[in-house]
Amino acid sequence: MSGTPETRSSLLARVRNPRNGEAWVEFLSIYEPLIYRVARRKGLQDADAREVTQDVLVTLADVIPSWKPTSGSGSLRRWLFQVARNRSINLLKEKSRHPCGTGDSKVRYVLENHSQPDDVELFIEEYRRQLFRHASVKIRNEFSNKTWLVFLRTSIDGHSVSDVAHGLDMSIGAVYTARSRVLARLKMAVEELDQQDVLDAQTREEI
Amino acid sequence: MVVKTIDCNRNRLRLLLSDDLDDASRHETEQHLGKCEFCQTTLLALAGEREWWEEASRFLERDNHDPNDQQQQFGHSTLWNDLQTELDIPSTDFVLSHLPPSNNPAMLGRLGQYEILEVIGQGGMGVVLKGYDGELNRYVAVKVLSPHLAVNGAARKRFAREAQAAAAIVHPNVLAIHGVESDTNLPYLVMPLVSGETLQHRIDREGPLDLKDILRIAAQTARALSAAHAQGLVHRDVKPANILLDGSLDRVLLSDFGLARAADDATLTHSGMIAGTPHYMSPEQARGETVDQRSDLFSLGSVIFAMSTGRPPFRAETPLGIAKKVDSAKVRPIHGINEGLPEWLEAIRSSLMNASIESRAQSAADIAELLEQCLAHVQQPKVTPLPDALLRMVRRRPWLNVQVLMTGSVVCIALLFAPLLLSPDDQSVTEKSLSEEPVNTEAEEEFVNNESKTLESVTNLDLNNDIDLKFREFESDLLEFEQQFNRPFPPNQIPSPEPNTHP
């Protein structure tokens with residue numbers, strides 16, 4: 001099942017104003033993987049998780065224009081999470097009614113525990129992950145390959161600074177500079193994304 | 001144990017982080033950073049609190065566990081894309097391991113009709129090998145395209161096309177191309193073997209060059225560009241590393257015509273990034289727009305800057321960064337960095353490095369001629385005057401006009417008071433200082449001829465003392481003044497600014 005690309009283009013086609021289109025693309029590129037990951041972590045298999053993602057995004061596109069930040073449900077993020085959770089639970093229920101669906105014991109687990117408090121944490125964790133990933137793709141071209149590699153190797157892969165310095169023929173000081181510059185920029189980009197989380201009213205109207 | 005020493009400077013670390021240190025301070029700070037654990041910790045903390053480092057590490061880890069996972073579709077792979085292949089596998093080893101063997105065991109291998117003797121060098125574009133052409137009994141340089149470029153079909157085609165076009169340029173300042181082979185696993189170019197070094201090596205070794213060498217190298221590079229431009233070719237990668245200085249003759253050879261374009265094709269499709277150093281790029285090229293021959297002229301200006309100061313005009317890691325800097329920052333005048341150089345060289349540099357394509361110098365041939373005349377003047381100042389074209393160029397630069405204007409007005413005032421201010425001894429001192437000053441603009445020289453030498457020297461000293469600081473403040477006032485009266489001042493010596501330039 002490969003619903004996502006088509007969903008994507010039909011969702012993208014909803015926005016007529018190219019300026020707002022960008023905001024919508026950015027929104028989707030954060031929330032699409034986010035919903036997918038949450039669904040996966042709730043125990044759904046790849047195909048089901050894709051279905052949930054598609055389903056949620058389509059609902060989302062229908063509801064977003066009228067959604068108002070003051071409508072009581074709190075932030076868009078929180079509301080989104082609720083939609084995503086309810087949808088995936090419904091889907092799981094449906095699947096469990098037909099025996100040909102997944103007989104995974106996780107399904108029952110999810111069904112029995114669908115209002116766990118750690119759902120919120122899970123969602124927030126996945127949200128942060130998505131912000132970091134999106135931000136890092138966004139800032140990637142501001143750095144040379146070498147600088148970027150220094151950051152990945154030291155900060156993500158956990159290699160020692162001296163190994164990386166030696167491997168890339170750089171001084172220890174230059175390695176510290178490179179990894180710190182990338183993190184400082186990443187932090188800034190994540191904070192920006194976090195603040196612009198909610199689409200502005202006009203963008204919502206045009207979706 | 002973490003010990004804070006006297007060299008630790010938090011503010012410097014902050015500037016290092018935001019890339020606001022000049023080269024020398026950056027180098028010094030990084031050296032200290034290499035030894036000082038305290039500063040290492042401080043720098044990491046300045047970049048982001050511990051949670052940020054932890055979150056980055058947790059959230060950006062590779063998704064190895066599930067290859068069918070949708071993450072691939074969501075672009076996360078861009079983070080790791082091709083970094084390994086580009087940086088980890090040394091092209092040289094790759095090329096050598098893929099060379100077909102030679103019948104002669106003393107050789108490294110064989111490529112087409114060429115026996116490969118040794119590796120001469122490695123650059124962003126490929127590996128340069130020393131080859132022997134048995135049929136013609138001569139040594140050649142064989143440049144093999146880097147594997148990561150060679151695998152890309154579009155890049156290979158472009159490589160072949162551009163190389164064939166470049167091979168058609170026959171000019172003493174263009175490195176000739178003997179042959180091109182683009183249909184093998186290892187596409188390569190065959191060129192004459194040149195003894196000597198690149199301009200980049202020369203600058204790295206000696207720092208700023210002297211005025212004659214700057215003019216000679218710039219003039220010959222401009223000639224090479226002019227020959228290429230006449231055939232409709234754009235070089236696209238004019239930089240010191242592509243300018244060869246023939247060791248035996250005083251000859252300059254421009255190499256790697258059009259290859260940048262082949263590299264762009266490959267890396268753009270790979271990673272969305274442009275290859276190579278962006279330091280010498282024109283702003284339009286850095287922004288990824290279509291470039292024409294005037295882009296090469298901008299790069300020539302950047303090369304003049306590098307020869308004059310020992311470093312490139314803009315430092316940024318990516319074309320995007322360069323584009324931002326070119327648009328926003330003013331380049332520091334080269335005679336402000338290297339005091340031994342005349343202001344008119346700065347006028348030439350800035351006419352080339354004009355961010356606006358239309359206001360930039362337009363023709364490589366004109367620039368070549370201008371530089372040659374300047375060189376003749378420097379070699380024989382008494383016989384050859386500075387060219388008229390240079391004077392016209394100086395006119396286009398309002399702040400030079402202002403300086404001349406100020407010289408004029410200050411001289412007028414000084415004329416009134418001179419007898420009161422200067423004793424004969426003072427005059428001899430100032431005259432001596434004047435003789436050590438760099439050559440002034442022709443406009444100024446002309447002015448000097450019409451005025452009392454002593455007084456000119458006084459104003460010159462005044463001006464040079466804190467000219468860098470005060471100038472910008474005066475600039476707008478004086479220009480406004482000039483515009484108000486809608487005539488140059490003083491009228492008989494100072495040319496009026498040309499309309500439409502620098503509104």
Side-chain angles (χ1 to χ4, degrees), chain A residues 2 4-5 8 29-30 32-34 36-37 40 46 49-50 53 125-126 128-137 140-149 151-158 161 165 167-168 170-188 190, chain B residues 13 16-19 26-36 39-41 43-49 52-53 55-62 66 68-71 73-84 86-88 267 271-274 277-278 316-321 324:
Chain A
S2 57
T4 310
R8 194 143 237 265
S29 58
I30 291 174
E32 193 177 8
L34 166 60
Y36 173 83
R37 284 191 76 101
R40 285 302 299 269
D46 177 62
R50 285 176 189 231
T53 310
E125 164 101 351
E126 288 306 329
R128 294 285 294 171
R129 181 196 306 280
Q130 214 38 55
L131 286 190
F132 268 78
R133 296 192 160 195
H134 188 71
S136 58
V137 171
R140 170 63 186 89
N141 281 3
E142 295 171 29
F143 297 96
S144 70
N145 284 348
K146 204 167 182 175
T147 302
W148 193 253
L149 197 60
F151 174 70
L152 293 182
R153 289 229 177 121
T154 56
S155 308
I156 318 298
D157 285 348
V161 168
L168 294 176
M170 295 168 79
S171 72
I172 300 275
V175 168
Y176 271 99
T177 309
R179 64 184 298 210
S180 302
R181 276 186 191 160
V182 174
L183 188 93
R185 180 70 187 91
L186 182 66
K187 181 183 168 193
M188 198 199 289
V190 167
Chain B
L13 291 176
L16 179 70
L17 197 59
S18 55
D19 200 8
R26 182 175 54 97
H27 188 68
E28 200 180 294
T29 313
E30 285 188 345
Q31 268 196 332
H32 169 74
L33 194 59
K35 294 173 299 197
C36 175
C39 284
Q40 291 168 2
T41 318
L43 183 69
L44 297 183
L46 283 172
E49 297 76 10
W52 283 95
W53 288 99
E55 278 189 309
S57 155
R58 196 163 76 245
F59 294 148
L60 298 182
E61 68 185 347
R62 301 177 202 229
D66 186 358
N68 297 319
D69 196 298
Q70 263 201 326
Q71 293 312 313
Q73 265 175 266
F74 295 129
H76 185 54
S77 56
T78 353
L79 296 186
W80 302 94
N81 217 0
D82 298 310
L83 284 169
Q84 311 299 87
E86 261 179 56
L87 287 162
D88 290 358
T267 47
S271 56
M273 289 182 67
I274 293 172
T277 168
E317 288 196 346
T318 62
L320 195 74
K324 275 188 199 161

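Bear in mind the structure is a predicted one, so any value in this text is a computation, not a measurement. Letters A, B, ... are given to chains in the order of the sequence lines, protein chains preceding strands, and every chain is numbered from 1.
The minimum heavy-atom distance between A/S155 and B/S57, with the atom names listed, is O-CB, 3.3 Å. A pairwise comparison of heavy atoms in B/L44 and A/S180 identifies CD2-OG, 3.4 Å as the closest pair. Nearest heavy atom pair, residue B/A56 against residue A/L183, reads CB-CD1, 3.8 Å.
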Report the C-alpha separation of A/R181 and B/L16 in whole Å, then their side-chain angles, then the decisive distance to 0.1 Å, and conclude whether the side-chain contact (heavy atoms from CB on, under 4.5 Å) test is met. CA-CA 9 Å; A/R181 276 186 191 160; B/L16 179 70; 4.2 Å; yes

For B/R58 and A/E125, what are the C-alpha separation, side-chain angles and deciding distance, and is it a side-chain contact (heavy atoms from CB on, under 4.5 Å)? CA-CA 10 Å; B/R58 196 163 76 245; A/E125 164 101 351; 3.2 Å; yes

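By the 4.0 Å N-to-carboxylate-O rule, B/E49 lies close enough to A/K187 to be salt-bridged with it.
At a 4.5 Å heavy-atom cutoff, the contact between B/Q40 and chain A is made by backbone and side-chain atoms alike. Only the side chain of B/R26 comes within less than 4.5 Å of a heavy atom of chain A; its backbone N, CA, C and O stay farther away.
Interatomic distance, A/T154 OG1 to B/W53 CH2, rounded to the nearest 0.5 Å: 6.5 Å. Summarising the geometry, atom CG belonging to B/L60 is positioned 6.0 Å from atom CZ belonging to A/F151; distances are rounded to the nearest 0.5 Å. With rounding to the nearest 0.5 Å, the separation of CG in B/L17 from CZ in A/R185 is 12.0 Å. Rounding to the nearest 0.5 angstrom, the gap separating the OH atom in A/Y176 from the OG1 atom in B/T41 is 7.0 Å.
Residues A/T177 and B/L33 form a side-chain contact, since some pair of their non-hydrogen atoms from C-beta on lies under 4.5 Å apart.
Figure legend: A/R128 and B/W52 shown as a cation-pi pair, the cationic atom lying under 6.0 angstrom from the six-membered ring centre and within 45 degrees of its axis.
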